[in-house]
Amino acid sequence: MLIKEVSSIKDKQQFLNVAKAIYKDDEHWVCPLDQDIEAVFDAKKNNFHNHGKVIRWLLYDDNQTCIGRIAAFINDKKAYTFEQATGGIGFIECIDNPEAFKLLFDTAQNWLKNNGMEAMDGPINFGENDNFWGLLIEGFSHPSYGMNYHKPYYKKHFEDYGFKTIYEQITNHLAVKKPFPERFTKIANWVAKKDGYSFKHLDTKNFEKFASDFMEIYNDAWKNFPNFSPIKYETVLESFNKMKLIMDPKLIWFAYVNDEPASFVVILPDANLMIKPLKGKLGLIEKLKFLYYKTKGVNRMRAIVMGTKEKFQKHGLESALFIKLKEYVLPLNQYDELELSWVGDFNDKMLAIHEATGATFGKRHATMRFKFP
């Protein structure tokens, strides 16, 4: 086998093609848009390049057939917040071959070691953790947009190499037309009518304000979690603009207490239902197809992220946001399912909210770590 660093335009295309070959007969897999993958590795489109570095490789067998790929990266803002300096690996795809997986892992490990790292987490993204993050280990069904999908054999190869799960991300599914539990509805309606409490959906004409409100809430809500790095305004605005093509502003809600930003939920139509027929491409023909599927509508949504400022937690704001959402969604008679993804197994409060809504289990991803010997 031969491993080669991605350097040419041809290599970049092969990096995309190898995944398509591995999953060509998998009915559940949805090919991510080529441009979404490439954007991760483009310094002009991914601001993580301003405080980190990334490299990627292709693996070929003795017949010069590409059988695998992997990327390794270091986020300088995060790497040194752990007990040991920790880099990351991601975008790994490989045939079911232990030697091939080992060579990919070894190559990434050696590069990270040479750059001062003492461990690697994977599979993760060189970017925010709402995309391309975690190893799918349970629930091998249709993935939502941005969610990793893997074949079942990946887990064994990660574990055989020595990776250990450091946390799991749980995805639950909520049947939209099924009524919320009575207690949940009672609390939500009470909160929604409280003096000083107001609720607004995203206004695309005022992205800057909502991006600022999102950053304020998010950084307060997550500040006490281990290894937390505050999100930047520029990153939020960049994410909002990326979502603009597929978003429905009335699926993104904010709660305010006496006009102070307090809580939010960001929900998107499941773009994977629109992009699956495109097979990763987004040329003129594919854009027309995408617009057709968007106009036609999809029947699934995905909750990307939720957050509530610490001082407003346990106030029932999340319940009220879901009620506001349902008031808009039900009359449309379009959506059947809302995917609540993904929540770390350490986030008891958010998992409790999932349970309170009546959601049921959908998928499980694992974020794993390998400490270098």
Does [X] have more than 12 heavy atoms from other residues, nucleotides or ligands lying within 6.0 Å of its [atom1]?
| X | atom1 | answer |
| --- | --- | --- |
| Lys326 | NZ | yes |
| Lys223 | NZ | yes |
| Glu327 | CD | yes |

## Note on the structure
Only one of Glu339, His142, Met301 passes side chain to side chain contact (heavy atoms under 4.5 Å, CB included) with Asp270, and that residue is His142
Is the distance between the ring centroids of [X] and [Y] under 6.0 Å?
| X | Y | value |
| --- | --- | --- |
| Phe264 | Phe210 | no |
| Phe132 | Phe126 | no |
| Tyr256 | Phe199 | no |
| Phe41 | Phe91 | yes |

Do the side chain of [X] and the main chain of [Y] share a donor and acceptor less than 3.5 angstrom apart?
| X | Y | result |
| --- | --- | --- |
| Ser263 | Gly307 | yes |
| Asn75 | Gly52 | no |
| Arg302 | Ser341 | no |
| Gln169 | Thr367 | yes |

Can [Y] be reached from [X] by stepping across I, L, V, M, F, W or Y side chains whose heavy atoms are under 4.5 Å apart?
| X | Y | result |
| --- | --- | --- |
| Val298 | Leu332 | yes |
| Met147 | Ile92 | no |
| Ile124 | Ile70 | no |

Any idea how [X] and [Y] line up, ring-wise: parallel (<30°), tilted (30 to 60°), or perpendicular (>60°)?
| X | Y | answer |
| --- | --- | --- |
| Tyr149 | Phe140 | perpendicular |
| Phe370 | Tyr161 | tilted |
| Trp57 | Trp111 | perpendicular |
| Phe101 | Phe105 | tilted |

### Worked check of side-chain contact (heavy atoms from CB on, under 4.5 Å) between Tyr328 and Asp248
CA-CA 11 Å; Tyr328 168 68; Asp248 178 344; 2.6 Å; yes
